[in-house]
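Per chain, numbering begins at 1; letters A, B, ... match sequence-line order. Computed from a prediction, not measured in an experiment: that's the story for all the values here.
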Amino acid sequence: MAVRVQREDFDLGAETAALEAGAGAVVTFTGIVRGGDVSAMTLEHYPGMTEAALAEIEAEARTRWPLSGATIIHRVGRLLPGERIMMVAAASAHRQAAFEAAEFLMDYLKTRAPFWKKEETGAGARWVDARETDESAARRWAAKG
Amino acid sequence: MAVRVQREDFDLGAETAALEAGAGAVVTFTGIVRGGDVSAMTLEHYPGMTEAALAEIEAEARTRWPLSGATIIHRVGRLLPGERIMMVAAASAHRQAAFEAAEFLMDYLKTRAPFWKKEETGAGARWVDARETDESAARRWAAKG
Amino acid sequence: MKVLYFAWLRERIGESAEEVSAEGLETVADLVAHLRARGPRYEAAFEAPEAVRVAVDQKVRDWDAPLKGAGEVAFFPPMTGG
Amino acid sequence: MKVLYFAWLRERIGESAEEVSAEGLETVADLVAHLRARGPRYEAAFEAPEAVRVAVDQKVRDWDAPLKGAGEVAFFPPMTGG
């Protein structure tokens, strides 16, 4: 079990390897800053609350699926296109549990953890709006839970 | 786009990093030899047909989702508990496409690519039986397709 | 009581944290009304209350949440991590 | 025509590949009947035909698939990769 908020990059291979012992399946998600009209992105968070929220999200996933391990790492600070923003990983004996738990971690992370993104573009800087599709993706788990 | 059948291990971090350029999301699945009563597992395949089947599975995924990249690596030969068996990765601008494509790659890989697993246990060696749940998981995509 | 602001609320108010006396404030809504009365920067931050979320002692709460015993209240837009 | 066997079919037959004349064999089912007539090792391999899959020139086919022009026929159990 690991939950980290950090400025530094992470090593997906090493993080996944740490979950492999005793698992049959590990699913990971890596989020990357997209380019296009965005020249940089700054991630702000709420120190203290963020770590608690991530730990709660991870604990919730462990009550729903038989996980042998899970990891959430989210970067903060200013990131350039192509840089990794965050990762989640879920390890289980069974592939379906690993896939579902990873999706759950992502959906809850996007809507329940206090991070905010600000994008820099040629036309100035703008805060990213929350998307209703993210909220409805997160709500589907409540219906199943 | 990469499809490989090999004896050697692979580096999930490096394989994923190769897909990150131009993507917003990369989802990976890693399969690991489980321990328990299994002391080793041997993967047999059909050289030539395997590579063609994997390429076809990957091409099919690319017609179904807007992927910026995808990778399938499957090991063959004798593997010990804790060793990595295979990985798939799907990269897209959108997280849902990356998740769905990775699940699709796994479901098709399990039922459409000519690999066979033989397990060594204290009670002798046995060929792993195909599971109806794998076949029905693969069929769900046909229904949607 | 410590009051924190994040993202565009922080930018509009021009502060990331300040001390506010909880005297006479029963709920989060009372606190917001009290802050809005301070002037245009606060008015601008809270002009669309439905776009503002609140956490009391680091737990997300509704605007009718009581402030009694609260040590830290934070205002921020909907979360956009991941 | 090259005939290949994988996994427990290979083990039961004791060969991974052999040349078989396609003369008089119209379909995969004909080839299987021809092979079974060779003796107990082949009988054992094909005793449960519903558990055996076939590929003709590296494409999965049904047992009524024609063999005309086929260069390579492979028999194997349901796939268990991943």
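Neither the backbone nor the side chain of Ala89(B) comes within contact range of chain A; no heavy atoms are under 4.5 Å apart. With a 4.5 angstrom heavy-atom cutoff, Ala91(A) does not touch chain B via any of its atoms. Using a 4.5 Å cut-off between heavy atoms, Arg95(B) touches chain A through backbone and side chain atoms alike. Neither the backbone nor the side chain of Ala21(B) comes within contact range of chain A, judged by heavy atoms closer than 4.5 Å.
Among Ala93(A), Ala98(A), Gly36(A), Gly35(A), the residue making the largest number of heavy-atom pairs under 4.5 Å with chain B is Ala93(A). In terms of non-hydrogen atom pairs under 4.5 Å with chain A, the most contact-rich of Ala137(B), Pro81(B), Ala23(B), Gly13(B) is Ala23(B). Highest contact tally toward chain B, considering only Ile85(A), Asp11(A), Thr28(A), Thr133(A), is held by Thr28(A) [criterion: heavy-atom pairs under 4.5 Å]. Per-residue counts of heavy-atom pairs under 4.5 Å with chain A were compared for Gln96(B), Arg34(B), Glu15(B), Met87(B); the largest is that of Arg34(B). Of the listed residues (Leu12(B), Val26(B), Thr16(B)), the greatest number of heavy-atom pairs within a distance under 4.5 Å of chain A belongs to Val26(B).
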Checklist entry - Could you go step by step and tell me if Val27(B) and Val27(A) meet the side-chain contact (heavy atoms from CB on, under 4.5 Å) rule? => result CA-CA 7 Å; Val27(B) 171; Val27(A) 171; 4.2 Å; yes
Next on the checklist: Apply side-chain contact (heavy atoms from CB on, under 4.5 Å) to residues Glu100(B) and Glu103(A) and explain how you reach the verdict.
Outcome noted: CA-CA 10 Å; Glu100(B) 287 184 14; Glu103(A) 285 206 66; over 6 Å; no
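Heavy-atom minimum distance, Phe29(B) versus Phe99(A): CD1-CE1, 3.5 Å.
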